[in-house]
Amino acid sequence: MLNSQVEYDTIIPNNVSLSSDKRVLKALERWHPGYIDWWKDLGPVGFQESLVYLRTAINVDRDGWATFDYVKMPDYRWGILLAPQKENRIIPFGDHKGEPAWQEVPGEYRSMLRRLIVIQGDTEPASIEQQRFLGSTAPSLYDMRNLFQVNVEEGRHLWAMVYLLQKYFGSDGREEANELLKRQSGSEDAPRMLGAFNESTPDWLSFFMFTAFTDRDGKMQLEALAQSGFDPLSRTCRFMLTEEAHHMFVGENGVRRVIKKTCETMQKAGITDPFDINRIRELGVIDLPTIQKKINLHYSLSLDLFGSEISTNAANTYTASVKGRFWETKIKDDHMLKNDTYPILEFDNGKILRKDASALLSLNMRLRDDYTKDTAVSMKRWNRTIEEYQIKFEMSLPFEGFNRKIGTFMNANISPSGDVLSQETWEKDKNKFLPTNDDNIFIESLMLPETEPGKYAGWIAAPDMGIDNQPGDFEYVKIHDA
Ligand SMILES: [Fe+2]
Ligand SMILES: [Fe+2]
């Protein structure tokens, strides 16, 4: 099965020949109404009847995989799309290195694989739930469209994981698929599985930070799963990554446009001191130190998603050839790691120690380091924008031990620059590190909708280019025209 063309002959577009796989087709058709109900109840609030200029995948090949058209979100064609099967793919790491990739789930790794798929699946609807109130405060139709594009694609990612559960995991897979629609972000009784996915996304700067930092964690997890010996999982993740790239573009560019508008406004007003916060805020833009605090918050929350620095779970999934490393096939080592070490930091007795740990046990840490390197590219672009306006301020990523809830630093008080602080100093200074209530109230006060085509709210610059090469005043969402 080497389909790249997507079939539209069933209610669920797909390139996995669903029409000849009656059992799975039926299971998905049975799951579909519950999904639509969930989308209407916990998906975007309002705009469900609006026409949104969305891309839909028609082909999973590298070029021309998407078409753009006006769609009502509940009518979006959520589909099952896997990257084309690579012929004779060989497992690149772990105990099964060199064996042909598995087309079925090996019995011994069944529960391990199911758990990984469920955790990944759980994050997809969670982010939609977190972002559901943002439509009504969108700073432009362009941004509103991007939000909804991210939302429908996260919905598709849920479909992707549900397909794997339904096809390969029998009745417990079906049960897990149903549970994915029952947990809810921020819920007391049935929260989503990972911490950062239970935080709220109350404003658009938070949304841009989330897509810049947390979606990038998603990218790293998908890259690691794309190496999996279980070929259907690998192919699923490879296609998801093409969509994920757009989400991070939305985040990185969103933050950059906020920074740009702030700098531009400061320059026009003749303000050179980035810490002249009150004057800057009076101009209706978000001061750079507050943006830095948002970076501190979202980066540290996202680091927690990688789990503990030392993890037997991570070692086991690697040894089982189930979850690999970022760009595994490009790394030059034995891809077994049994005797290798990896440098990590440990917080012990109030001190930060550098240690060489077992490479297998520190795979979470390694993936996190790769994430940090990836994130640094965004930081560079943001700083270049600040430089263009000759403002003396540099955004930076906080130290890895700052504000952590998971891992070796979970009980430590450490500043963004990496100094170990007493409880007293932490309490005194934490408002300089993390957004305060006042900061959040100020940001929320700017969240006034702008729905005229081509116009942007006062706190954010227009993008350099439109989506799908559309002109600046393109009507990306026809709010009432439907
Ligand atoms: Fe996703
Ligand atoms: Fe995403």
Side-chain angles (χ1 to χ4, degrees), residues 123 194-197 199 208-227 241 244-245 247-249 251-256 259 291-311 314 318 323-328 330-331 333 337 340-347 352-357 359-384 386 394-410 412 414-420 433-434:
T123 66
L194 303 174
F197 289 89
E199 300 276 329
F208 293 135
M209 290 287 174
F210 186 96
T211 36
F213 287 103
T214 307
D215 278 72
R216 194 180 299 279
D217 156 71
K219 168 186 165 177
M220 303 312 286
Q221 302 300 339
L222 292 174
E223 289 277 8
L225 293 173
Q227 304 291 339
L241 279 164
E244 211 54 66
H247 306 179
M248 283 173 296
F249 160 84
E252 182 188 299
N253 254 288
V255 174
R256 195 181 59 78
I259 291 174
I291 297 174
Q292 174 67 60
K293 288 195 218 173
K294 290 291 283 181
I295 290 172
N296 292 348
L297 174 66
H298 287 266
Y299 177 72
S300 55
L301 282 172
S302 298
L303 290 191
D304 279 345
L305 290 170
F306 290 85
S308 292
E309 291 82 358
I310 295 294
S311 160
Y318 187 85
K323 184 179 177 186
R325 289 172 292 177
F326 181 59
W327 290 356
E328 180 74 46
K330 293 185 185 169
I331 301 171
D333 59 17
L337 311 179
D340 297 354
T341 61
Y342 189 82
I344 63 156
L345 296 184
E346 199 178 274
F347 191 69
I352 301 166
L353 309 173
R354 181 163 287 279
K355 280 195 173 168
D356 280 330
L360 273 177
L361 289 171
S362 41
L363 282 164
N364 284 346
M365 187 61 222
R366 181 180 178 125
L367 193 61
R368 221 181 72 194
D369 283 340
D370 288 327
Y371 165 83
T372 299
K373 277 180 223 152
D374 214 51
T375 308
V377 179
S378 294
M379 301 297 294
K380 253 191 206 141
R381 295 200 182 117
W382 297 340
N383 280 326
R384 206 178 305 141
I386 301 175
E394 199 181 331
M395 299 287 176
S396 56
L397 290 175
F399 175 69
E400 63 175 76
F402 167 76
N403 191 39
R404 298 296 308 285
K405 304 284 178 283
I406 285 178
T408 188
F409 292 105
M410 63 189 284
I414 301 183
S415 73
S417 52
D419 298 318
V420 181
F433 306 150
L434 290 166

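All values derive from a computational prediction rather than experimental measurement.
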- Query: With A357, which residues qualify under side-chain contact (heavy atoms from CB on, under 4.5 Å), at least two apart?
  - Reply: I310, I344, S362
- Where L345 and T408 come nearest, the two heavy atoms and their spacing: O-CG2, 3.7 Å
- Which residues pass the side-chain hydrogen bond (donor to acceptor under 3.5 Å, both in side chains) test with T123, sequence neighbours left out? none
- Query: Which atom pair, heavy atoms only, marks the closest approach of L241 to A226?
  - Reply: CD1-CB, 4.4 Å
- With sequence neighbours excluded, tell me which residues meet salt bridge (Lys or Arg N to Asp or Glu O under 4.0 Å) with E328. R325
- Item | Presence of salt bridge, K373 and D370, under 4.0 angstrom | yes
- Message: Test of understanding: with side-chain contact (heavy atoms from CB on, under 4.5 Å), list the residues that count as partners of L353, not counting sequence neighbours.
- Response: D348, K351
- State which residues pass side-chain hydrogen bond (donor to acceptor under 3.5 Å, both in side chains) with R384; sequence neighbours excluded, sorted by chain then number. none
- Query: With no hydrogens and no angle check, do the side chains of N403 and S300 hold a donor and an acceptor under 3.5 Å apart?
  - Reply: yes
- Least distance between heavy atoms, L363 atom then L337 atom: CD2-CD1, 3.9 Å
- Message: side-chain contact (heavy atoms from CB on, under 4.5 Å), that's the test. Do E400 and T372 meet it? Break it down for me.
- Response: CA-CA 9 Å; E400 63 175 76; T372 299; over 6 Å; no
- Query: Any idea which heavy atoms bring S311 and N364 closest together, and the distance?
  - Reply: CB-ND2, 3.3 Å
- Which heavy-atom pair separates E223 from Q227 by the least distance, and what is that distance? O-CG, 3.4 Å
- Item | Over all atoms of both residues, closest heavy-atom pair of K219 and D374 | NZ-OD2, 2.9 Å
- Query: Should the ring pair F409 and F399 be called parallel, tilted or perpendicular, given that the plane angle runs from 0 to 90° and is split at 30 and 60?
  - Reply: perpendicular
- Message: Going by the rule side-chain hydrogen bond (donor to acceptor under 3.5 Å, both in side chains), which residues pair with E309 if we only count those two or more places apart in sequence or in a different chain?
- Response: R368
- Task: List for me each residue that meets side-chain contact (heavy atoms from CB on, under 4.5 Å) alongside A212, sequence neighbours excluded, and say none if there are none.
- Result: W382
- Item | Contacts of E346 that satisfy side-chain hydrogen bond (donor to acceptor under 3.5 Å, both in side chains) - sequence neighbours left out | K355
- Could you walk me through whether T214 and L301 pass side-chain contact (heavy atoms from CB on, under 4.5 Å), step by step? CA-CA 8 Å; T214 307; L301 282 172; 5.8 Å; no
- Query: Listed by chain and number, what are the ring pair (Phe, Tyr, Trp, His ring centres under 6.0 Å) partners of F326, not counting sequence neighbours?
  - Reply: none
- Message: Using the ring pair (Phe, Tyr, Trp, His ring centres under 6.0 Å) criterion, which residues pair with Y342? Sequence neighbours excluded.
- Response: none
- Task: Return the set of residues passing ring pair (Phe, Tyr, Trp, His ring centres under 6.0 Å) with H247 (not counting sequence neighbours), or none when no residue passes.
- Result: H157
- Can you list the residues that meet the ring pair (Phe, Tyr, Trp, His ring centres under 6.0 Å) rule with F210, with sequence neighbours excluded? F197
